[in-house]
Amino acid sequence: MSSAAFWDTVLEPGEQLLWAGRPKPRLHWRNWPLYGAAPMAAAGLAAAALGIAFTYGPSREMWLLAACGILVLIPLRATRAQLRTYAATRYALTNRRALFFRIDTDNTRAKAYPHSTMIAPQTLPTTPPSVRFLRVENGKTLGFDYLETAPELLSNLKQVRE
């Protein structure tokens, strides 16, 4: 399906696409929420492995070191799944709604939020920046994450809010 045909099926009559983008997170310490428990779990397992090595010496209980090394793979797998989720995510801002897309192999799911849920944009110091600009259920804020084109999005948000 071409891009124009896709937007023809998504946009309502009279609705205009203002901005479209996708998350592109980079490996950076600022993006710690992206990694979930992986860094903490890996640090804890590394500390346990070092404790075992210093307590028992290199000749005894080395199987525990190998077990710790294998356990590091569990949080790394979760991080990989999170990165795949971002790879399948697309965002769009129209003159009426903010759209979130999840592109799977067999279908595309979309979630829309009306402009009535918009709040003043908050830029988060991720790399690249994330922008929170929606208030959803339970008072949580939501937005678009890891955007290389965050300044362009912010200018369009300002235009929509006025």
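Nothing fancy with the numbering, it's 1 onward along the sequence. Only a predicted model underlies this, so the values are computations on that prediction, with no experimental measurement involved.
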Would you mind reporting whether [Y] and [X] have side-chain heavy atoms less than 4.5 Å apart?
X    : Y    : value
R109 : D104 : yes
F101 : V10  : yes
N95  : E15  : yes
T123 : P129 : yes
R135 : M118 : no

Spell out, as yes or no, whether a donor-acceptor pair under 3.5 Å connects the side chain of [X] to the backbone of [Y].
X    : Y    : value
T117 : Y113 : no
H115 : T94  : yes
T141 : L134 : no
R96  : L93  : no
N156 : E152 : yes

- [ ] Let me see the working for R132 and L124 under side chain to side chain contact (heavy atoms under 4.5 Å, CB included), right down to the final yes or no.
- [x] CA-CA 8 Å; R132 296 278 182 256; L124 304 179; 3.8 Å; yes
- [ ] Would you please test I103 and R90 for side chain to side chain contact (heavy atoms under 4.5 Å, CB included) and show each step?
- [x] CA-CA 8 Å; I103 300 169; R90 301 292 183 271; 3.4 Å; yes
- [ ] Check step by step if ring-ring contact (aromatic ring centres under 6.0 Å, His included) holds for Y91 and F100.
- [x] CA-CA 5 Å; Y91 304 127; F100 295 76; 5.6 Å; yes
List the atom pairs, with distances to 0.1 Å, where a side-chain N or O of residues 16-27 and a protein N or O form a donor-acceptor pair under 3.5 Å, not counting sequence neighbours.
unit_1: W19; atom_1: NE1; unit_2: T149; atom_2: OG1; d: 3.3
unit_1: R26; atom_1: NH2; unit_2: E148; atom_2: OE2; d: 3.4

Nearest heavy atoms of [X] and [Y], plus distance in Å:
X    : Y    : result
W7   : A92  : CH2-CB, 3.5 Å
Y146 : T127 : CD2-O, 4.1 Å
D145 : Y86  : OD2-OH, 3.1 Å

